[in-house]
Amino acid sequence: MVSINKYTLKSIHPYNLDETLYSGQSFKWVSLDISNDISDNWHQGIIDNRRVRLAQSKNNIYLWTAKKYADQDISTVSSYLRLDDDIEKIYLAISKSTYITSAIKKYRGLHLLRQPPWETLVTFICSANNNIPRIRQLVSAMSTKFGQKVTDTFGTFHLFPSSTALYNAGEESLRELGLGFRAKYVYAAAELDVNNIINVEKLVNKNYHESLDKLTHIPGVGDKIANCVLLFSLNKLEAFPVDVWIKRVLREVYIDATLPIPDSQIRPWAQKEFGEYAGYLNQYLFHNRRLFKSTIK
DNA sequence: ATCGAACCTCCAAT
DNA sequence: AATTGGAGGTTCG
């Protein structure tokens with residue numbers, strides 16, 4: 001009989017688990033239809049090689065896992081959720097407009113994640129010219145087909161496939177999963193990683209600009225996707241992905257005829273304007289503007 | 001240098 | 001019921 005328990009991860013800073021897990025940084029969390037003494041709103045996901053269940057009540061994050069793995073999982077989850085970010089200090093640094101202070105107020109506790117670099121890279125290559133349900137579908141299909149099968153106390157599941165697994169899979173079978181033109185790019189990224197030419201896992205030790213340069217040398221990875229990888233997995237809080245939503249909100253709030261900035265200069269302009277935590281500001285701008293889309297396009 | 005179009009696929013909106 | 005347009009972008013001409 002395996003012992004399963006719920007563990008508490010105390011957050012000394014405000015945290016909003018729901019907003020964080022579904023804020024377009026990760027595409028593999030699912031909401032469970034299970035309720036128990038702790039919560040009726042559990043989320044299940046995989047971090048590295050471990051499947052975990054998380055819930056929140058007040059300022060406590062709850063981890064539901066086998067006792068045997070508790071220590072390891074607490075440490076993995078704390079890092080993944082960035083529980084140690086001094087978010088109040090970050091709020092002070094990025095509160096540069098009434099628009100952003102109102103977004104912070106609405107989504108207080110929304111955090112960036114610290115995800116595994118390789119799967120973040122592949123996921124965001126798959127995000128190009130694509131919609132969220134399909135990104136989720138592709139990530140799931142790649143895992144089921146090419147990821148290592150694992151059994152835990154909750155049943156069986158598949159890890160996100162390694163670069164070797166995707167390299168061995170080949171471009172054609174990735175195309176068969178529905179990746180389309182992105183199959184070529186994922187395959188190329190796997191090949192560069194396998195041959196030790198560009199290892200995204202190793203970029204965590206490099207600075208922002210060197211990592212950006214390396215990432216954008218991967219086919220299918222431009223400035224936007226590279227900045228997503230830098231921000232969501234490589235711990236570069238100054239990274240600033242400029243997508244259609246960010247462009248929209250910046251033009252609505254900051255940039256206009258009196259401050260004309262060409263598209264190509266938006267990212268460096270924003271980093272200079274918003275500073276070392278520009279990436280956190282980006283996440284709040286994005287989240288706020290995207291959830292507003294049903295009202296105004 | 002800069003700027004559209006094309007790119008795979010799926011599906012919601014005509 | 002068939003067709004078109006677009007989706008959290010990048011590349012190619």
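In this structure, A:P241 and A:D243 have side chains that are not in contact, with every pair of non-hydrogen atoms separated by 4.5 Å or more. A:R108 places a side-chain heavy atom less than 4.5 Å from the side chain of A:E88. Inter-residue side-chain proximity for A:I198 and A:H217 is flagged as met; some heavy-atom pair is nearer than 4.5 Å.
For the pair A:F124 CZ and C:dT10 P, the interatomic distance rounds to 12 Å; values are reported in whole Å. If you measure from atom CG of A:L138 to atom P of B:dC11, you get 11 Å, rounded to the nearest angstrom. Atom CG of A:L177 and atom P of B:dC10 are 11 Å apart (whole Å). The CG-P distance, from A:D243 to C:dT10, rounds to 10 Å in whole Å. A straight line from CD1 of A:I125 to C1' of B:dC8 spans 15 Å, rounded to a whole angstrom. Following rounding to the nearest Å, A:R248 (CZ) and C:dG9 (C1') show an atom-to-atom distance of 14 Å. Atom CZ in A:F181 sits roughly 13 Å away from atom C1' in B:dA5 (whole-Å rounding). Atom C1' of nucleotide B:dT9 and atom CG of A:N131 are separated by 9 Å, given to the nearest angstrom.
Separation of the P atoms belonging to C:dG8 and B:dA12 is 14 Å when rounded to the nearest angstrom. For the P atom pair drawn from B:dC8 and C:dC12, the interatomic distance equals 12 Å after rounding to whole Å. Here the separation of C:dG6 from B:dG4, taken at their P atoms, is 16 Å to the nearest Å. Comparing the P positions of B:dA5 and C:dG5 gives a spacing of 13 Å, expressed to the nearest Å.
Note on A:P219: only backbone sugar-phosphate atoms sit closer than 4.0 angstrom, heavy atoms only; bases stay farther off. Backbone-only contact: A:G222 has heavy atoms under 4.0 Å from sugar-phosphate atoms and none from a base. Residue contacts for A:Y185: at a heavy-atom cut-off of 4.0 Å it reaches the sugar-phosphate backbone alone, with no base atom in range.
Between C:dG8, B:dT9, C:dG9, one nucleotide has an atom nearer to the side chain of A:R134 than all others, and that is B:dT9.
Across every non-hydrogen atom of A:A70 and A:Y7, the tightest pair is CB-CZ, 3.4 Å.
Surrounding OH of A:Y208 are more than 12 heavy atoms belonging to other residues, nucleotides or ligands, all under 6.0 Å away.
Toward the 5′ end of DNA chain C lies the nearest nucleotide of A:F232, the other residue of the pair A:T216 and A:F232 mapping further downstream.
The base of C:dA7 sits within donor-acceptor range of the side chain of A:N129, with an N or O pair under 3.5 Å. Side-chain N/O atoms of A:R182 and base N/O atoms of B:dC8 include a donor-acceptor pair closer than 3.5 Å.
Note: A:H111 and A:Y15 have parallel aromatic rings, judged against thresholds of 30 and 60 degrees for the angle between ring planes. A tilted orientation is assigned to the rings of A:F232 and A:F124, their planes being inclined by 30° to 60°.
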**Request:** Starting at the 5' end of DNA chain B, write a dot or bracket for each base, bracketing those in Watson-Crick or G-U wobble pairs whose two distances are under 3.5 Å and using | for partners on another strand.
**Result:** ..|||||.||||||
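Contacts classified as salt bridge (charged side-chain N to carboxylate O under 4.0 Å, His left out) and involving residues 157-172 of chain A (residues at least two apart or in different chains) are given here: A:E171-A:R175.
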